[in-house]
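See below for the structure under consideration.
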Amino acid sequence: MAKRDFYDVLGVSKGASADEIKKGYRRKAKELHPDRNSDNPNAEAQFKEVNEAYDVLKDAERKAAYDRFGHAAFEGGMGARGGGGGARAGYGGGQGDFASAFSDVFDDLFGDFMGQQRRGGGQRATRGSDLRYNLRISLEDAYKGMQRTITVPTAVTCGVCEGSGAEGGAEPATCPTCSGMGKVRAQQGFFTVERTCPTCSGAGQIVKNPCHNCGGAGRVQKDRALSVNIPKGVETGTRIRLGGEGEAGLRGGPAGDLYIFIEVEDHPIFQREAENLFCRVPVSMTSAALGGDIEVPTIDGGRSRVKIPAGSQSGKQMRLRGKGMPGLRSTANGDMFIELAVETPVNLTSRQKELLREFEDLSEENSPESTGFFRKVKSFWDGMKG
């Protein structure tokens, strides 16, 4: 099968310059790379054809030989023709140049993955780290919302060198090892391997005369006082973000963020479930039996009067609508649920005991023992005794 014209293979004209030939090669190599054409069985052969064409046309002497003799310039029979053997030898010894060319294509194909920062990446400023602060508040504070001042130890920009790390605010010098790229490259066969520059640790710059205040770091440790707005309705686990209040960035980079995590303390009276509050209220036996009014505390610091129905039992729940916690993302408040705990009197006097016995005799017909399950059990035992 006859070989295609090398210029046609690269998609350039015969009068193309070296730069046009290189651009044509990179375009074709990127287009026909086997990794991008897994469904094309001819992609590998076409990719090799592109590499062969570029390997010849990028070299001035071999290009001249090709322009004069065509493909025959690199066939064995051309050894007798003047310059043919030299071109042949050049082709055989050009693997290093091919590796360099392949490296260019590798950069194009995988630059997004491992090489975008090469284009000035090492000199870019670095964002500061985010910080976390745990803040404990009372349930009352969570109900009302509040403004709280906190002290956060953090790294701030050095005021002497203004973050540059150099004495007197001078600009850092470009790293001589990586030329400011932050990475060094090594050729290994057809591939180029990148590593972090050992001189500047990837910064792309070095400080020849470090700042006496920060030691060249560009940042110093300092306690910062910040005012934090705690909205109504927060609960344990609520996260508040303060943008730009984290650690200062390196080399003038933006500061990180500060995240405040809320923890609401347990309350001695109320238990919280979302926006609702629950509490147990003790009531006397007589109030539960006869009914009446009681006052209960509310989370806003006030008191609400609640009517107890006659005959109430322990565990009975009553609802106070709108007396719960405010919603973090709504305007409506939750509810407050009151659970009655009927108290049995203790340390009775003789007169109180006498009255209770009299009450028991008078209410015998209404007692649980005279109805339902208990009456059936009593009848069963009476029959056993008979």
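Note that these values count all heavy atoms, side chains included, but never hydrogens, waters or copies made by symmetry.
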- Message: Salt bridge check, Asp55 against Lys48: does any charged N sit closer than 4.0 Å to a carboxylate O?
- Response: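 No, Lys48 and Asp55 are not salt-bridged.
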- Message: What I want to find out is whether Lys23 reaches Glu20 closely enough, with some N-O distance under 4.0 Å, to be called a salt bridge.
- Response: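 Between Glu20 and Lys23 there is no salt bridge, as every charged N stays at least 4.0 Å from the carboxylate O atoms.
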Check: [X] side chain, [Y] main-chain N or O, donor-acceptor pair, under 3.5 Å:
| X | Y | result |
| --- | --- | --- |
| Arg272 | Ala274 | yes |
| Asn276 | Met336 | no |
| Arg219 | Ala155 | no |
| Ser304 | Val296 | no |
| Gln313 | Gly311 | yes |

Is [Y] close to [X] at the side-chain level, that is, under 4.5 Å between some pair of heavy atoms?
| X | Y | value |
| --- | --- | --- |
| Gln46 | Asn40 | yes |
| Glu140 | Ile299 | yes |
| Thr149 | Val228 | no |
| Cys279 | His267 | no |
| Ile240 | Pro231 | yes |

- Go through the steps to decide whether Arg127 and Asp257 satisfy the test salt bridge (Lys or Arg N to Asp or Glu O under 4.0 Å), and finish with yes or no. CA-CA 10 Å; Arg127 182 180 181 272; Asp257 299 331; 3.2 Å; yes
- Measure up the Tyr54 and Tyr25 rings against each other and bin them: parallel (under 30°), tilted (30 to 60°), perpendicular (over 60°).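 Ring orientation of Tyr54 relative to Tyr25: parallel.
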- Message: If we count only N and O atoms by modelled type, under 3.5 Å, do the side chains of Arg136 and Asn134 hold a donor and an acceptor together?
- Response: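 Per modelled atom types, Arg136 and Asn134 side chains form no pair under 3.5 Å.
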- Message: Could you tell me if Asp300 and Thr298 have a donor-acceptor pair between their side chains, going purely by distance under 3.5 Å?
- Response: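 There is such a pair between these side chains.
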- Query: How long is the span from the OG1 atom in Thr154 to the CD atom in Glu247, to the nearest 0.5 Å?
  - Reply: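 Nearest 0.5 Å value for the OG1-CD distance: 5.0 Å.
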- Query: What distance do Ile294 atom CD1 and Ile308 atom CD1 have between them, rounded to the nearest 0.5 Å?
  - Reply: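 Going from the CD1 atom of Ile294 to the CD1 atom of Ile308 covers 3.5 Å.
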- Message: Side-chain heavy atoms nearer than 4.5 Å, only ILVMFWY residues, links allowed to pass through others: does that put Leu258 and Phe261 together?
- Response: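 Not linked; separate clusters.
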